[in-house]
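Indexing begins at 1, ligand by ligand and atom by atom, following the structure's order. One is the number of the first residue; the rest follow in order along the sequence. Reckoned from all heavy atoms, side chains included, excluding hydrogens, waters and symmetry mates.
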Amino acid sequence: MNIIDTAIPDVKILEPKVFGDERGFFLETFREDWFREHVADVTFVQDNHSKSGQGILRGLHYQTEQTQGKLVRVIAGEVYDVAVDVRKNSPTFGKHVGVLLNSDNNKQLWVPEGFAHGFYVTTESAEFVYKCTNYYAPEFEQSVLWNDPSLAIQWPLVNSMQPLLSPKDEAGLMLADAPTF
Ligand SMILES: Cc1cn([C@H]2C[C@H](O)[C@@H](COP(=O)(O)OP(=O)(O)O[C@H]3O[C@@H](C)C(=O)[C@@H](O)[C@H]3O)O2)c(=O)[nH]c1=O
């Protein structure tokens, strides 16, 4: 596994080693001891899988308590994945990392606790899988608006169309008005 640093020191891009042969390919997607030593000393307790159509945007989400670190990847299609630092006292508060994750580059993004996370589907559909360091707790869930101007996220919108959001995400807050850590 190769580690790529990003503009935010705690956020990492991971690139697994892929073994291709006449049957197809093989890759390790997660090794606990390696991850603890090289990326973050955390324990994952929940795995999730979602499928979304083109133009869907999920996010930007975080939990204000029972905060979740997330190790995310795409197993079909492509998304533009974003992690926003929402730690008030962080020198990179309000800054984000964005990366294209797809089933060809097999990249993973490590989104630490204290970050809002979201993604936008660029292909006909995309399947998204991720590990979380804490359990889902809807009572602590917060949505920040994907297009909060203070975040200045350059979403690669297909045909410049507005993304499709859940009602919860439509009602997201500006980061300045959202509870942070
Ligand atoms: C996230 C989640 C949802 N659900 C349920 C609640 C709801 O009925 C249905 C869909 O939930 P949501 O609309 O919140 O799903 P979604 O918009 O996909 O939420 C996810 O978005 C991405 C960007 C993240 O970062 C995740 O942590 C998570 O917040 O699934 C669970 O049971 N467990 C979970 O862990």
* Asked: Which protein residues have a heavy atom under 4.0 Å from ligand 1?
  -> Q46, N48, R58, H61, K70, H117, G118, Y130, Y136, E141, K168
* Salt bridge D10-R87, side-chain N to carboxylate O under 4.0 Å -> yes
* Does D41 pair with R36 as a salt bridge, N-O distance under 4.0 Å? -> yes
* Asked: Any chance the rings of F35 and W110 have centres within less than 6.0 Å?
  -> yes
* Asked: Any chance the side chains of S50 and E127 put a donor and an acceptor closer than 3.5 Å?
  -> no
* To do: Mind telling me whether F26 and F19 have parallel, tilted or perpendicular rings, with 30° and 60° as the class edges?
  => tilted
* Which salt bridge (charged side-chain N to carboxylate O under 4.0 Å, His left out) pairs, counting each pair once, include a residue from residues 166-175, with sequence neighbours left out? -> E141-K168
